[in-house]
2 protein chains.
Amino acid sequence: MSETTDRPYHHGDLRRALIDTALGILATDQNWTFTLREVARRTGVSHAAPYKHFRDREDLLRELARIGFIRLGQGMTEAVGAKGLSVREKFIVGAGACIDFALHNPGLYRLMFSADADKTADTHLHDAAMDTFGILLRLLEEGQQNGCFRPAAISALAAASWAQVHGLAMLAINGQLLEEKVGMEPVRAALDVLLDGLCQRDGHTGSVYDPEPYPKVI
Amino acid sequence: MSETTDRPYHHGDLRRALIDTALGILATDQNWTFTLREVARRTGVSHAAPYKHFRDREDLLRELARIGFIRLGQGMTEAVGAKGLSVREKFIVGAGACIDFALHNPGLYRLMFSADADKTADTHLHDAAMDTFGILLRLLEEGQQNGCFRPAAISALAAASWAQVHGLAMLAINGQLLEEKVGMEPVRAALDVLLDGLCQRDGHTGSVYDPEPYPKVI
DNA sequence: ACCTCCATGTTTACAGGAGAAACTTATGCA
DNA sequence: TGCATAAGTTTCTCCTGTAAACATGGAGGT
């Protein structure tokens, strides 16, 4: 009830303002069912204004996802970059940063990994996602060169690690880690399980590339 | 261009027909952006007819998800039930069935685990999901009683396992297991990693419930 | 056989949203 | 000074979800 129509015709940085509004709604509602018109309304512009900055609704969603990947990457880089950590500790801390991010930004995190943020439709989004994924890859390589992680194909370790961390994050977000809230112990324990599996050991290692595929998968 | 208006006024089993149509669209488009009107149209009824069988659009989506969980559960039960398998083999085969299902029904699988199929809003859906989840739990218990799996809290093992399998399924669906298609080897290898971690071993087991939480997580 | 009820359809109506097109404003630059 | 253009606004069309009122025909009681 303060500003009447004294807003200048040109917003200044409407694109940024729209993104902020959308991120705000995403954080509040934990979903991205908001309409583009609502974003415009809350930002105080006409419902067609956003189309000057985003091709369509999905274009905005992809931009939000891209920002999400950048922020996630920053968080993980920061966590992993701490001095004096072993590879195993880096791994734990990096995964923790990811799950932490997911828990603090559940809507955004879900959007980032949803089909509505189609990575094949936006090079920038794809690149941002790959940059973040690269943090994990470098960690695995480091651990492997260390002799700490088993010498299986890096893609296999990456699949296992990424599936585990992302899976835990999704379970944590959905509160499905357990029927009742038990805190973060299961997460920690699950990561221990993963790391114990990743680590160098005597037996089994040879079976990693067992030629026979398991049944019923393409 | 064959049937004019000879269709009987009462469909007979419109509910089922609508579900089948929706499942068909889901399988084709790999998303659930279809409108309720389109489902009605393709089923050959008026656009308001579905409301006699589903409260709203989400109600239909939840029913689709429920059916998905039942089918997934059937596939996994069948796979795990094969005679003469070790627990480890059962695990591999069960996970394979899950990933197999996801690869063959990517749209449905994504819907099942999306927020659009809100499990808190539908007891039947929640129950179906829990039944399927129960397959994994029973397997873990069996392995633990065997002495094959480490004696950590079952919730921890479940978190690790479920995160891994579901994570792999999502990565597989999204083609993110690797830049180029490399087949299912990484999946197999990732499951080996998980199983090696799940298994009984000498060291580390004690650290599973390390009292100090890792940094930066709530 | 007939009447009546009610689940299952259909038609009509309305409030919104996506997005295109045409119009307006103000700003940077020649 | 003045115009080209980016950035907003208005207006319009088509579509959706969903409610309400109406139609139909099969099942059950008489």
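Since the structure is predicted, the reported quantities are computational estimates derived from the model, not experimental observations.
Summarising the geometry, the separation between CG on B:L60 and P on D:dT16 is reported as 15 Å, rounded to the nearest angstrom. Put simply, CG on B:L36 is 11 Å from P on D:dA19, counting in whole angstrom units. Rounded to whole Å, atom P of D:dG17 lies 10 Å from atom CG of B:L61. To the nearest angstrom, P of D:dA7 lies 16 Å from CZ of A:R16. The separation between A:R42 atom CZ and C:dG17 atom P is 12 Å, rounded to whole Å. Protein atom CZ of B:R37 is 16 Å distant from nucleotide atom P of C:dG16, rounded to whole Å. Between A:W32 atom CH2 and C:dA18 atom P the separation is 16 Å, expressed in whole Å.
In this model, no donor atom of one side chain and acceptor atom of the other lie less than 3.5 Å apart for B:R110 and B:N105.
B:E38 places no side-chain N or O within donor-acceptor distance of the main-chain N or O of B:I25, the cut-off being under 3.5 Å. Panel note: side chain B:S114, backbone B:D116; a donor-acceptor pair is recorded below 3.5 Å. Side-chain atoms of A:T132 come within 3.5 Å of backbone atoms of A:F69 as a donor-acceptor pair (strictly under, hydrogens ignored).
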Pair B:E63-B:R66, salt bridge (Lys or Arg N to Asp or Glu O under 4.0 Å): steps then yes or no: CA-CA 5 Å; B:E63 176 63 10; B:R66 196 183 67 86; 3.0 Å; yes

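For C:dG9, the OP1/OP2 oxygens have no side-chain nitrogen or oxygen of B:R15 closer than 4.0 Å.
Against DNA chain C, the stretch residues 45-59 of chain A makes heavy-atom approaches under 4.0 Å through A:H47, A:Y51, A:D56, A:R57.
Below 30°, between 30° and 60°, or above 60°: for B:F113 and B:Y109 the angle between ring planes is between 30° and 60°, a tilted geometry.
Which of C:dG9, D:dT18, C:dA18 sits closest to the side chain of B:L14 comes down to C:dG9.
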